[in-house]
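Accompanying notes for the structure given below.
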Amino acid sequence: MIPFNKPYLTGKEMHYMYQAVYSGKISGNGIYTQKCQKFFEDRYGIHKALLTTSCTDALEMCALLINIKPGDEVIVPSYTFVSTALAFARQGAKIVFADSRDDHPGIAEDSLEELITPRTKAIVPVHYAGVACDMDKIMALAEYYNLVVIEDAAQAIESTYKGRPLGSIGHLAAFSFHETKNIIAGEGGLLAINDERFIERSEIIWEKGTNRAEFFRGEVNKYEWIDIGSSFLPSEMTAAFLWAQLENIEDIQAKRKAIWNTYHRKLQLWAHRNNIRQPQIPSYAINNAHMYYLGFENVSQRESVIEQLKVQGIHSVSHYLSLHNSRYCRNEYYESDRMFPMSDYYTDCLLRLPFFYELTKKEQKRVVDGLTQANIESSSSHTIQDRYQQMAVEPNS
Ligand SMILES: *Cc1c(COP(=O)(O)O)cnc(C)c1O
């Protein structure tokens, strides 16, 4: 069986974890935490980086940092992982969904302005598959309407927008080291603070609402409760594991890039002939080979391909049930008048291929052959354009 994902170990993880254990300092904010944070600050030009136990945590910190209160609105793409919205909903924000672009699952930048109201506090663009959203457009809107931009860079380590690293552009940004990402720590994340306004409070929120970080640096001689917060920092075990990965980032990325390029090249002709969409990378973006996905014509075509690959021992997956259609949102927000055709399209038609560091050339050839030999039932009546028309006639069908 060719799995969909297989976490890659560089070989140094246990060594550094052993070192962390025997150093006698295994709680958070120790040497390995600082090494990892400095790595992000130096390599990506992030003002201040704080390691967290997940990307979800980093997003929750953002919600606290920007003082989300019940009734505030936060604009989030519908086509994303739950956490992008959950972190803000948890503080009482009303989530206002945006649709995806039609050439890419990223947030449709040109649809954002009409979603802004006097209650809007933030926009959370997601760099899906590590492909940049058009950050100039989003930052310009934010400046004009005085909003905070929080990049969900969970999938976007090492990606760039017009040469600038993702996660260094928004006022705040959140990365993930979940085992399905390029760089992993089991569970783990990082908050990037690029706007100096947020730096001081972020450390306090990170350390249970106390000024303990200042105390550790010897800047004050007692620490106390001074704000809200939680225990957002991971132990040194997580940081030690992560450090082994970060040290090998060049090698990991080179390998992933090669896999991505092979899929892209080998599937080109087949995709073109069968009207299947390959990822489109805007000219302003360099992607980090986080995943390889395809866009089929309709849900039955995609499901049939998943089945045909499965028979050959190849595990491919779909993901993201549009959040606007989730059970939670259907109960919580009644937005029946709004439609999200592109988000629904990606929910129905996107397929992710096996993608991991140790995928061999032979295995990748099996995936490519499995696809190109699959029986693709083309149904000209289910193109994206038809879907648009159908939805215009039957809202919410
Ligand atoms: C993985 C992911 C998250 C959540 O990351 P965790 O570290 O598991 O909390 C959030 N947003 C997106 C877009 C993701 O891909």
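Just follow the structure's listing: the first ligand is 1, and inside any ligand the first atom is 1. Values reported hereafter were calculated over all heavy atoms of this structure, with side chains retained and with hydrogens, waters and symmetry mates removed.
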Exercise. Determine whether the side chains of K25 and S27 contain a donor N or O and an acceptor N or O closer than 3.5 Å.
Key: yes

Quiz item: What pairs of residues pass the side-chain hydrogen bond (donor to acceptor under 3.5 Å, both in side chains) test when at least one of them lies in residues 359-368, not counting sequence neighbours?
Solution: T360-E363, K365-D369

Quiz item: Any side-chain donor-acceptor pair under 3.5 Å between S304 and Q308?
Solution: yes

Quiz item: Is ligand 1 less than 4.0 angstrom away from at least one heavy atom of Y320?
Solution: yes

Exercise. Return the residue, atom name and 0.1 Å-rounded distance of the protein heavy atom closest to atom 1 (C) of ligand 1.
Key: K181 NZ, 1.8 Å

Self-check item: Any N or O of D152 closer than 3.5 Å to N or O of ligand 1
Solution: yes

Quiz item: Can H127 be said to touch ligand 1, with heavy atoms closer than 4.0 Å?
Solution: no

Exercise. Any salt bridge (Lys or Arg N to Asp or Glu O under 4.0 Å) involving residues 123-148? Give me the pairs, sequence neighbours left out, ordered by first then second residue.
Key: D110-K137, D136-K162

Quiz item: Any idea which part of T56 is under 4.0 Å from ligand 1, heavy-atom wise: side chain, backbone, both or neither?
Solution: both

Quiz prompt | SB check R101 E109 (cutoff 4.0 Å) | solution = yes

Quiz item: Salt bridge check: are E358 and K255 linked by an N-O gap of less than 4.0 Å?
Solution: no

Quiz item: How about Y128 and Y346: are their ring centroids closer than 6.0 Å?
Solution: no

Self-check item: Residue and atom name of the nearest protein heavy atom (relative to atom 4 (C) of ligand 1), distance in Å to one decimal
Solution: F81 CD2, 3.7 Å

Quiz prompt | G188 touching ligand 1 at heavy-atom level, < 4.0 angstrom | solution = yes

Practice problem: Before signing off on this row, confirm whether S83 and ligand 1 have an N or O atom pair separated by under 3.5 Å. | Solution: no

Exercise. For V126, take its heavy atoms, then give the atoms of ligand 1 lying under 4.0 Å from any of them.
Key: 13 (C)

Self-check item: Y79 and ligand 1 - part of the residue with a heavy-atom distance under 4.0 Å
Solution: neither

Quiz item: So which heavy atom in the protein is nearest atom 7 (O) of ligand 1, and how far is it from that ligand atom?
Solution: S176 OG, 2.7 Å

Self-check item: Ionic contact status for E114 with R338, cut-off 4.0 Å
Solution: no

Quiz item: Do L359 and Y292 share a hydrophobic cluster, counting only Ile, Leu, Val, Met, Phe, Trp and Tyr and linking them when any side-chain heavy atoms are less than 4.5 Å apart?
Solution: yes

Quiz prompt | Heavy-atom nearest neighbour in the protein, as seen from atom 12 (C) of ligand 1, with distance rounded to 0.1 Å | solution = A154 CB, 3.4 Å

Quiz item: Which one holds for S54 and ligand 1: side chain close, backbone close, both close, or neither close, with close meaning a heavy atom under 4.0 Å?
Solution: both

